[in-house]
Participant: 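One structure, as structure tokens, below. Some questions next.
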Amino acid sequence: MKQSEHHKQAVQTTGHAWDGDIQEYNNPLPRWWVWTFFGTVVFAVVYWLIYPAWPVGKSYTKGLFNTITFQTRDGQEVTTHWNTRSRFIADMQRGEAAVKQREYLEKIGQSSYQDIVNDPDKMGFVLSMSKVLFADNCAACHGAGAQGKIGLFPNLVDDDWLWGGTFEDIHQTIANGRLGFMPPFRDTFSAEDLRALAAFVLSLSGITDGHDAARVARGREIFTGEEGGCYYCHGKDARGMKSQGSANLTDKIWTVADVPGAPTYEAKLQAVEEVIQNGINRRMPAWKGRLSEEQIKLLTVYIHQLGGGQ
Ligand code: HEC
Ligand code: HEC
């Protein structure tokens, strides 16, 4: 009580009283507050003058001394008042990073693959750009590390290729897409012959249980004969054909049959039998039209250096 009585005498009040005794002090505004307030007023006026600000009829004030110049698609130079869209376009056209990137892309477009690979400067650019392209467009299927998934998407890191691993092959794959097709052989073979085929396929990469020589011989007969017709696509030597995208069955790399994941010989046989019975139908989409020619080139180099060759 004493305290408030003291204040009553020291500080002016506005003279209003609520509920009988609640009063309002009449202190001056703090100086810092007043200056800040005037500061914002001055800032606002300057801002309104320089930037587009006030609606006027169907238009608006465009701002003074503040223009942006950029090029339209057909190469004409245009100068407009400041606006975020033009500024973005101008940045894309003239920003340091953008100019450098365009120069590089043009250089890449004109270089042969051999040139690119032999030039560490170009290669550095290609790898940084293509990593982003791969993450945006390819990783959803092939995995972030391009390791793929057996049965679904081929591994792009190994140096085994369904469709060939030269620059031209890879470029073709990415630009035009590929269809990996093997017909289903459901009910084509007796259970014994199916098993013989699987045993033969496994034996090609050295997987055997030691007692299957007769079975393997029977499997080879079917594979290379008219009965199975497997050799049409895989070749008599079972090394696959680039033109068909047919897997090389003699290496230890599996792209559809999950042989590595099968724990026992019996399970490996089953994994191969399953693929023979179900066939294969998987598609790599075409990117021509969705990606520019330069972008496809960047990705081709990227994929090639992951596991290219032959
Ligand atoms: C929708 C899933 C999908 C996307 C997205 C995809 N791929 Fe593929 N890709 C596949 C499939 C499926 C195959 C296997 C085709 C086959 O079985 O012959 C494949 C095959 C390939 C091959 C051939 C591999 C070989 O052994 O010959 C390359 C190279 C390849 N993809 C690169 C790319 C690149 C680069 C991108 C991104 C621009 C990409 N893929 C995006 C599904 C995809
Ligand atoms: C019309 C062509 C065609 C014929 C006929 C064919 N294949 Fe295939 N085969 C393919 C293609 C193409 C692939 C690879 C598909 C892919 O990876 O997308 C493949 C893949 C395989 C695979 C999986 C290999 C792996 O790495 O996982 C096995 C096993 C196989 N074939 C066995 C056979 C056997 C056994 C026969 C005969 C009964 C046969 N194929 C007949 C085209 C054919």
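Quantities reported herein were computed from a predicted structural model and do not represent experimental measurements. Atoms within a ligand are numbered from 1 in the order they appear, just like the ligands themselves.
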Participant: Is ligand 2 under 4.0 Å from a heavy atom in the side chain of Tyr232, in the backbone, in both, or in neither?
Facilitator: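 The answer is neither; Tyr232 stays 4.0 Å or more away.
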Participant: Among all protein heavy atoms, pick out the one at the shortest distance from atom 12 (C) of ligand 1; state its residue, atom name and that distance to 0.1 Å.
Facilitator: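 Among all protein heavy atoms, the one nearest atom 12 (C) of ligand 1 is Arg283 O, 3.4 Å.
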Participant: Run the numbers for me: atoms of ligand 2, each under 4.0 Å from some heavy atom of Ile276, listed by number.
Facilitator: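 Going through ligand 2 atom by atom, the ones under 4.0 Å from Ile276 are 35 (C).
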Participant: Going by the angle between their ring planes, with limits at 30° and 60°, are His304 and Phe167 parallel, tilted or perpendicular?
Facilitator: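 Parallel, since the angle between the ring planes stays under 30°.
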Participant: Can you pull out the closest protein heavy atom to atom 7 (N) of ligand 1? Residue, atom name and distance to 0.1 Å, please.
Facilitator: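 Of every protein heavy atom, His142 NE2, 2.8 Å lies nearest to atom 7 (N) of ligand 1.
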Participant: Taking the minimum heavy-atom distance to atom 29 (C) of ligand 1, which of Trp161, Phe134, Trp163 ranks first?
Facilitator: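 Selected option, by shortest heavy-atom distance: Trp161.
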Participant: For atom 13 (C) of ligand 1, which protein heavy atom lies nearest, and how many Å away is it?
Facilitator: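 Sorting protein heavy atoms by distance from atom 13 (C) of ligand 1 puts Pro154 CD, 3.3 Å first.
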Participant: Is there an N/O/S atom in Ser246 that lies less than 2.8 Å from atom 8 (Fe) of ligand 2?
Facilitator: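 Looking at Ser246, which is the residue asked about, there is no N, O or S atom under 2.8 Å from atom 8 (Fe) of ligand 2.
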Participant: Could you tell me the residue and atom name of the protein heavy atom closest to atom 23 (C) of ligand 1, and the distance to it rounded to 0.1 Å?
Facilitator: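 Result: Thr173 CG2, 3.6 Å.
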Participant: Nearest protein heavy atom to atom 36 (C) of ligand 2, by residue and atom, and its distance?
Facilitator: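 Of the protein heavy atoms, Cys230 SG, 2.8 Å lies nearest.
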Participant: Please state which protein non-hydrogen atom is closest to atom 26 (O) of ligand 2 and give its distance, to 0.1 Å?
Facilitator: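 It is Thr255 N, 2.9 Å.
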Participant: Which of the atoms in ligand 2, numbered in the order shown and given with their element, are less than 4.0 Å from a heavy-atom of Gln244?
Facilitator: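 Near Gln244, the atoms of ligand 2 are 12 (C).
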Participant: If hydrogens are left out, which of Arg290, Met284, Arg282, Gln295 has an atom nearest to atom 19 (C) of ligand 1, that is, the closest non-hydrogen atom?
Facilitator: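 Ranked by closest heavy atom to atom 19 (C) of ligand 1, first place is Met284.
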Participant: Stepwise, does the salt bridge (charged side-chain N to carboxylate O under 4.0 Å, His left out) test hold for Arg218 with Glu221?
Facilitator: CA-CA 5 Å; Arg218 170 71 186 136; Glu221 195 175 284; 2.7 Å; yes
Participant: Kindly assign one of parallel, tilted or perpendicular to the pair Phe37 and Trp33, based on the angle between their ring planes and the thresholds 30° and 60°.
Facilitator: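 Rings of Phe37 and Trp33: parallel, under 30°.
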Participant: Of all heavy-atom pairs between Lys268 and Val259, which one has the smallest distance, and what is that distance?
Facilitator: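 Heavy atoms only, the tightest pair is NZ-O, 3.0 Å.
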Participant: Quick one: does Ala140 get within less than 4.0 Å of ligand 1, heavy atoms only?
Facilitator: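 Distance cut 4.0 Å: Ala140 fails for ligand 1.
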Participant: Distance to 0.1 Å, residue and atom name: give those for the protein heavy atom nearest to atom 38 (C) of ligand 1.
Facilitator: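 Atom 38 (C) of ligand 1 sits closest to the protein heavy atom Cys138 SG, 2.7 Å.
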Participant: Do Phe189 and Arg195 have side chains that get closer than 4.5 Å, going by heavy atoms?
Facilitator: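 No, every pair of side-chain atoms sits at 4.5 Å or beyond.
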Participant: Check ligand 2 against Phe189 and write out every atom of the ligand that is under 4.0 Å from a heavy-atom position of the residue.
Facilitator: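 Selected atoms, number and element: 38 (C).
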Participant: At what distance is the nearest protein heavy atom to atom 14 (C) of ligand 2, and which residue and atom is it?
Facilitator: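 Checking every protein heavy atom, the shortest distance to atom 14 (C) of ligand 2 gives Gly245 O, 3.5 Å.
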Participant: Find all atoms of ligand 2 within a distance of less than 4.0 Å from any non-hydrogen atom belonging to Ile253, and give their numbers and elements.
Facilitator: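 Those qualifying, in numeric order: 26 (O).
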Participant: To check your reading of the model: name the closest protein heavy atom to atom 24 (C) of ligand 1, its residue, and the distance in Å.
Facilitator: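 Atom 24 (C) of ligand 1 sits closest to the protein heavy atom Leu156 CD2, 3.7 Å.
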Participant: Among all protein heavy atoms, pick the one closest to atom 22 (C) of ligand 2 and tell me residue, atom and distance.
Facilitator: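 Scanning the protein heavy atoms, the shortest distance from atom 22 (C) of ligand 2 goes to Leu249 CD2, 3.8 Å.
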Participant: Do any of the N/O/S atoms of His234, backbone or side chain, fall under 2.8 Å from atom 8 (Fe) of ligand 2?
Facilitator: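 An N, O or S atom of His234 is closer than 2.8 Å to atom 8 (Fe) of ligand 2, so yes.
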Participant: Looking only at distances, please establish whether an N/O atom of ligand 2 is found under 3.5 Å from an N/O atom of Gly228.
Facilitator: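 No.
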Participant: Would you say ligand 2 has an N or O under 3.5 Å from any N or O of Val256?
Facilitator: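 Among all N and O atoms of Val256, at least one is under 3.5 Å from an N or O of ligand 2.
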Participant: Given 3.5 Å as the limit, does a donor-acceptor pair link the side chain of Asn83 with the main chain of Ser86, or not?
Facilitator: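 Such a contact is found between Asn83 side chain and Ser86 backbone.
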Participant: If the cut-off is 4.0 Å to any non-hydrogen atom of Leu162, which atoms of ligand 2 fall inside it?
Facilitator: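 By the 4.0 Å cutoff, the relevant atoms are 17 (O).
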Participant: Under a 3.5 Å cutoff, is there a donor and acceptor pairing between the side chains of Thr255 and Arg282?
Facilitator: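 Yes - a donor-acceptor pair under 3.5 Å links their side chains.
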Participant: Only one of Leu133, Thr173, Leu291 passes side-chain contact (heavy atoms from CB on, under 4.5 Å) with Ile296; say which it is.
Facilitator: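 The passing option is Leu291.
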Participant: Looking only at protein heavy atoms, identify the closest one to atom 32 (C) of ligand 2 and say how far it is in Å.
Facilitator: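 Protein heavy atom with the smallest distance to atom 32 (C) of ligand 2: Met182 CE, 3.8 Å.
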Participant: For ligand 1, which atoms sit closer than 4.0 Å to a heavy atom of Ile174?
Facilitator: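 With Ile174 as reference, the close atoms of ligand 1 come out as 35 (C).
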Participant: Using a strict 4.0 Å cut-off to heavy atoms of Ala247, name the atoms of ligand 2 that fall inside it.
Facilitator: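 Reading through ligand 2 atom by atom, the close ones are 13 (C), 14 (C), 24 (C), 26 (O).
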Participant: Which atoms from ligand 2 have a heavy atom of Gly229 less than 4.0 Å away?
Facilitator: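 Listed by number with element: 5 (C).
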Participant: Kindly compute the distance separating CG (Leu105) from CD (Gln110), expressed to the nearest 0.5 Å.
Facilitator: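 Here the rounded value is 11.0 Å.
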Participant: May I ask you to check whether over 12 heavy atoms, not counting those of Asp19, lie within 6.0 Å of atom CG?
Facilitator: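 No, CG of Asp19 has 12 or fewer neighbouring heavy atoms, counting only those of other groups under 6.0 Å.
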Participant: Between Glu266 and Gln270, does any side-chain donor sit less than 3.5 Å from a side-chain acceptor?
Facilitator: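 Yes, a side-chain donor-acceptor pair sits under 3.5 Å.
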Participant: Is Cys141 close enough to atom 8 (Fe) of ligand 1 that one of its N, O or S atoms comes in under 2.8 Å?
Facilitator: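 It does not; every qualifying atom lies at 2.8 Å or beyond.
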Participant: Report yes if the side chains of Phe185 and Cys230 come closer than 4.5 Å at any heavy-atom pair, otherwise no.
Facilitator: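 No, every pair of side-chain atoms sits at 4.5 Å or beyond.
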Participant: Quick one: which ligand 1 atoms are inside 4.0 Å of a heavy atom on Leu299?
Facilitator: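 Taking each heavy atom of Leu299 in turn, ligand 1 has 38 (C) under 4.0 Å.
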Participant: For Leu152, state whether at least one heavy atom is located under 4.0 Å from any atom of ligand 1.
Facilitator: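 So Leu152 counts as touching ligand 1.
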Participant: OG1 of Thr84 to CH2 of Trp82: how many Å apart, nearest 0.5 Å?
Facilitator: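 Between atom OG1 of Thr84 and atom CH2 of Trp82 there are 5.5 Å.
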Participant: For atom 20 (C) of ligand 2, what's the nearest protein heavy-atom neighbour? Residue, atom name and distance, please.
Facilitator: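 Its nearest protein heavy-atom neighbour is Ile280 CD1, 3.3 Å.
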Participant: Any non-hydrogen side-chain atom of Phe43 less than 4.5 Å from a side-chain atom of Val46?
Facilitator: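 A side-chain contact under 4.5 Å is absent here.
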Participant: Where is the nearest protein heavy atom to atom 4 (C) of ligand 2: which residue, which atom, and how far?
Facilitator: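 Looking at atom 4 (C) of ligand 2, the protein heavy atom closest to it is Cys233 SG, 3.3 Å.
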Participant: Side chain, backbone, both or neither: which applies to Pro183 and ligand 2 if a contact is any heavy-atom pair less than 4.0 Å apart?
Facilitator: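 For Pro183, only side-chain atoms sit under 4.0 Å from ligand 2.
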Participant: What I want to find out is whether Lys107 reaches Glu294 closely enough, with some N-O distance under 4.0 Å, to be called a salt bridge.
Facilitator: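 The answer is no: the pair does not qualify as a salt bridge.
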Participant: Under the ring-ring contact (aromatic ring centres under 6.0 Å, His included) criterion, do Tyr265 and His211 qualify, and how do the steps go?
Facilitator: CA-CA 12 Å; Tyr265 181 67; His211 309 290; 9.8 Å; no
Participant: I'd like to check Tyr51 versus Leu49 (side-chain heavy atoms, cut-off strictly below 4.5 Å). Are they in contact?
Facilitator: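 The answer is no, as the side chains (C-beta and beyond) never meet within the 4.5 Å cut-off.
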Participant: Can you tell me which residue pairs pass the salt bridge (Lys or Arg N to Asp or Glu O under 4.0 Å) test with a partner in residues 130-150, sequence neighbours excluded?
Facilitator: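 Qualifying pairs, neighbours excluded: none.
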Participant: In terms of heavy-atom contacts, does CZ of Arg290 have more than 12 from other residues, nucleotides or ligands at under 6.0 Å?
Facilitator: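 Counting neighbours around CZ of Arg290, more than 12 heavy atoms of other residues, nucleotides or ligands fall under 6.0 Å, so yes.
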